[in-house]
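This report refers to the structure that appears directly beneath it.
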Amino acid sequence: MSLIEQLRAQFPFYAAANPCHYLDNAATSQIHQQALAAMAGQEASRANVHRSPYRLAEASTHAYGEARARVARFLNAAANDEVVFTSGATAALNLVAYSVGETLQAGDEVLISAAEHHSNFVPWLRLRERSGIRLRVLPLLPDGRIATASLAELVTERCRLIAITHCSNVTGAVTDVAAVVAAARKVGALVLLDGAQQVQHGPVDVQMLGADFYAFSSHKCFGPTGVGVLWGRQAVLERLPPFMTGGGMVGEVSLESLSFAAPPARFEAGTPPVAQAIGLGAAVDWLMTLPWAEIHQAESALLARLLAGLATFPAVRLIGPADLARRLPIVSFEVRGIHPHDVCQVLGERQVALRGGNHCAQPLFAALNSAGATRASLALYNDAADVDALLAGLEDALKVLS
Amino acid sequence: MSLIEQLRAQFPFYAAANPCHYLDNAATSQIHQQALAAMAGQEASRANVHRSPYRLAEASTHAYGEARARVARFLNAAANDEVVFTSGATAALNLVAYSVGETLQAGDEVLISAAEHHSNFVPWLRLRERSGIRLRVLPLLPDGRIATASLAELVTERCRLIAITHCSNVTGAVTDVAAVVAAARKVGALVLLDGAQQVQHGPVDVQMLGADFYAFSSHKCFGPTGVGVLWGRQAVLERLPPFMTGGGMVGEVSLESLSFAAPPARFEAGTPPVAQAIGLGAAVDWLMTLPWAEIHQAESALLARLLAGLATFPAVRLIGPADLARRLPIVSFEVRGIHPHDVCQVLGERQVALRGGNHCAQPLFAALNSAGATRASLALYNDAADVDALLAGLEDALKVLS
Amino acid sequence: MTSSVYQQAIKELAQAAHGSGRLDHPDGAARLDNPLCGDRVDLTVSLAGEVIAAVAHETRACLLCRAAASLLGLTAPGRSPSEMRAATAALEAMLNSAAVLSPEWQALAVFAPVAAYPSRHGCVLLPFQALQAALQGKPQ
Amino acid sequence: MTSSVYQQAIKELAQAAHGSGRLDHPDGAARLDNPLCGDRVDLTVSLAGEVIAAVAHETRACLLCRAAASLLGLTAPGRSPSEMRAATAALEAMLNSAAVLSPEWQALAVFAPVAAYPSRHGCVLLPFQALQAALQGKPQ
Ligand SMILES: Cc1ncc(COP(=O)(O)O)c(C=O)c1O
Ligand SMILES: Cc1ncc(COP(=O)(O)O)c(C=O)c1O
């Protein structure tokens with residue numbers, strides 16, 4: 001069996017009758033069988049986490065803690081307690097916006113980029129409304145990459161936080177994190193990376209990246225829906241107030257006094273997504289076993305095949321960098337005179353799953369002067385037949401729609 | 001087959017080898033097979049919700065919408081769009097505290113009770129810190145019921161919201177909602193009911209209750225972990241700002257202008273817990289088919305057996321109303337001279353699953369002058385053998401621990 | 001090279017773009033966005049007594065939405081606001097529950113294949129909803 | 001009527017409540033709570049040169065926690081802070097990873113059955129952690 005065949009054999013999606021050419025992985029990936037089995041197994045006989053001394057409760061608590069440890073290993077976190085489970089990347093980003101936001105003063109600055117997903121853009125607009133912070137925005141190069149050269153100008157002494165995507169969900173461009181972290185360190189600002197798109201393409205090393213926060217969603221890295229992660233540097237988490245509050249995260253509670261548990265409990269109010277976190281733990285555990293060099297090579301080859309194919313269509317304009325370095329296999333393009341939804345519709349009828357529109361990134365499309373794009377996003381189980389089906393379908397679409 | 005046997009046959013928990021006497025249903029219930037299957041089926045071949053015109057995405061969007069419709073029926077909501085999916089009851093309560101909270105002024109009042117779970121207590125303490133609202137607290141009667149007679153005094157013209165539990169997770173006491181709603185209407189205050197404990201015991205009718213918000217968690221009513229519901233009256237939801245922000249809930253997004261989608265999307269930032277919501281939909285669909293009169297009779301009989309059994313122990317003191325009317329089968333008790341965790345430990349070794357401590361309700365225990373209690377909470381699949389195992393185990397515990 | 005949705009009639013409607021433009025002195029106007037896909041319709045309408053005298057729309061949208069706007073531009077003039085409300089309801093019913101169209105509104109049948117794609121319903125409905133919004137508060 | 005955890009030795013320790021009380025002029029003090037279960041230990045400690053002269057604790061807690069506090073009250077006096085740190089580490093290792101105790105700390109073995117109940121580990125550790133907290137910043 002080839003690597004791709006081996007991988008496909010582990011996904012329930014490919015066991016279904018007539019799986020489509022699934023190229024919408026940036027929206028959500030398919031689930032790995034281990035993640036699904038771990039989640040279902042936990043649910044089948046369950047108890048709440050937090051202390052109760054009967055066998056099922058001890059088992060839930062243990063499995064939930066083990067999931068945390070697995071995510072910590074996946075991110076190379078310095079400690080398990082740096083991993084906070086949330087309901088998704090959006091919730092993780094909102095957690096930082098509310099919690100760090102509470103510590104900021106009017107006039108303090110937060111730096112984002114024009115490439116951000118709405119989930120890392122709107123929370124900061126809202127914080128600006130609440131707290132009078134100043135929001136600065138890194139501009140884009142014409143090919144959609146973030147203009148990190150502007151860091152020197154935009155990171156001022158008042159900058160408290162740089163919140164930036166690790167990889168764009170539209171262009172596939174990977175951010176020059178080292179430059180961002182270096183600029184932040186100069187002024188003592190924190191760095192939050194939105195890793196929603198990155199983690200699908202392999203484990204990351206938060207210590208090497210040098211960031212303070214890292215956010216991602218389980219459903220985009222082969223785990224269940226309903227859970228995500230905020231990793232935070234322990235010393236930073238320890239001095240932050242909570243975001244949501246409720247059961248499981250307090251010390252003392254009365255009308256007169258209120259204290260909070262240490263992280264990560266402080267940030268996990270209420271019953272967490274126990275089974276989903278356990279499913280995610282299984283997914284990242286599996287991800288850590290994969291031959292990533294080989295997979296990256298395969299992904300790059302497919303990406304090259306797709307870009308070369310698209311280049312043969314005079315009506316197609318690529319949104320995003322054309323060179324393969326510093327770029328993930330997420331490919332957005334315009335088709336002159338044809339609306340992305342019409343492209344997606346025709347391709348969808350041909351069993352090619354794409355997504356079209358502004359991809360929750362209106363500021364990026366405004367910056368690149370585009371009304372929207374069709375996006376194909378590849379994952380480790382995609383093969384040349386998927387890419388070729390897209391290219392053939394696109395040829396059809398041009399005929400049908402012109 | 002008896003009703004209980006029929007019910008048990010539908011729970012994977014009872015198919016496992018040696019299921020314990022599970023009496024920790026107020027913490028989390030076991031999952032129904034339909035809910036588990038619906039969740040797993042959705043995950044096995046999936047796409048994100050929100051519009052994309054390929055078959056899998058259309059199917060996900062449809063199933064997610066259908067889940068919303070099912071929850072709307074379960075609550076007898078006036079419209080499907082009154083149902084907001086959250087990550088749990090705690091998130092639903094925080095949503096109201098942040099969103100309604102944003103519309104309040106210093107000096108406005110929020111009324112809660114001393115019986116609240118921390119998830120409906122701490123968010124209001126935090127709002128008080130943020131906004132300078134005044135927090136008033138309905139006291140308790142000696143048997144733990146909320147003293148609704150104090151409503152007349154505590155609901156002032158400045159009262160904007162009454163946030164109160166539908167049923168206590170410690171005492172099992174069901175709140176006199178009609179009295180609360182009547183008091184609120186007099187001054188134009190909104191009413192939020194925390195239904196986390198109630199929904200496990202049958203469908204509720206939010207229109208008949210007359211509240212404005214209703215919050216609950218899936219995992220406490222036989223659905224998956226990782227999802228919950230905030231129901232809100234449409235006219236109320238429409239005039240509220242969002243809580244979390246991000247993908248899927250905006251209109252226009254730019255540095256200069258920001259608008260939000262209509263409810264429920266406005267309150268569902270990011271990728272929702274799609275598969276979990278679909279699992280919850282299956283759970284409530286099943287709940288709506290049950291013979292509730294018969295189940296309530298069985299639950300009451302078991303409750304009576306438990307209370308009668310406990311009454312034979314001179315060392316046991318009940319926390320909560322002794323009469324069966326207006327009370328759910330959640331039973332907390334102290335054992336003189338013995339710490340709840342020691343009781344739970346001995347019972348746990350005997351395969352009786354209980355929970356001990358302050359049950360995330362420190363203000364209630366402070367009001368009742370108790371340091372904590374052991375809790376047994378019954379659900380529709382419990383039987384006399386479960387109760388008898390508890391009573392026998394308690395006898396043992398007294399011997400072991402004295 | 002076929003598509004269940006993009007039949008010749010739809011493509012011709014979109015191409016024709018009946019009623020495209022903007023009225024100088026409208027009695028009503030509305031801009032409707034579909035935030036999830038970026039479709040936008042700017043619609044102006046003028047009334048003559050009980051009936052719609054003219055409709056004009058600027059539509060930046062997908063082919064389905066443009067075809068629907070064009071059909072609206074073709075059929076609305078001369079009808080009453082309440083007739084157009086009925087048409088909108090008929091269109092919605094056909095999409096959502098495959099309801100059969102009355103003989104009067106057979107022209108809407110070109111959109112029947114879209115029923116299978118709920119994510120596209122909004123594209124077809126947007127121009128009709130824009131007309132409703134523009135007529136809001138006007139005599140029926 | 002048996003329990004793997006509540007063996008006679010543990011019950012006797014809890015009952016004896018060695019070292020219960022409060023020192024009048026302590027060199028260090030700490031209050032530690034276990035918020036999830038409500039256990040609380042108020043601990044005071046006094047030093048004589050390099051060693052712990054006396055320990056006193058007020059413990060409102062479950063039987064396991066009271067037994068652990070009692071064992072602490074019995075064993076800490078006469079030992080150095082660093083010896084007690086080693087004892088705490090040994091206790092933690094026994095609970096978390098069933099590590100074997102050194103001959104010196106065999107007394108802790110009464111808590112070995114608690115290893116099977118992670119939710120109770122905190123109960124046993126709390127008094128030892130309270131001592132660590134009370135010794136914080138003191139000469140080792
Ligand atoms: C009365 C009550 N409210 C709120 C909650 C919080 O629910 P969850 O932990 O599922 O968010 C609970 C759960 O313990 C509860 O019993
Ligand atoms: C770059 C980026 N950030 C954040 C998100 C939000 O993730 P989720 O919707 O899972 O919360 C996404 C998902 O689309 C994304 O692509």
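Per chain, numbering begins at 1; letters A, B, ... match sequence-line order.
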> Checking Ala116(D) against chain B: side chain, backbone, both or neither under 4.5 Å from a heavy atom?
Replying inline: neither
Please round to the nearest 0.5 Å and tell me the distance separating atom [atom1] of [X] and atom [atom2] of [Y].
X	Y	atom1	atom2	answer
Asp39(D)	His339(B)	CG	NE2	4.5 Å
Tyr6(D)	Glu349(B)	OH	CD	7.0 Å
Gln345(B)	Cys62(D)	CD	SG	9.0 Å

>> Counting only heavy atoms not in Glu104(D) (residues, nucleotides, ligands), do more than 12 fall under 6.0 Å from its CD?
In response: yes
> With a 4.5 angstrom heavy-atom cut-off, which part of Leu401(B) approaches chain D: side chain, backbone, both or neither?
Replying inline: both
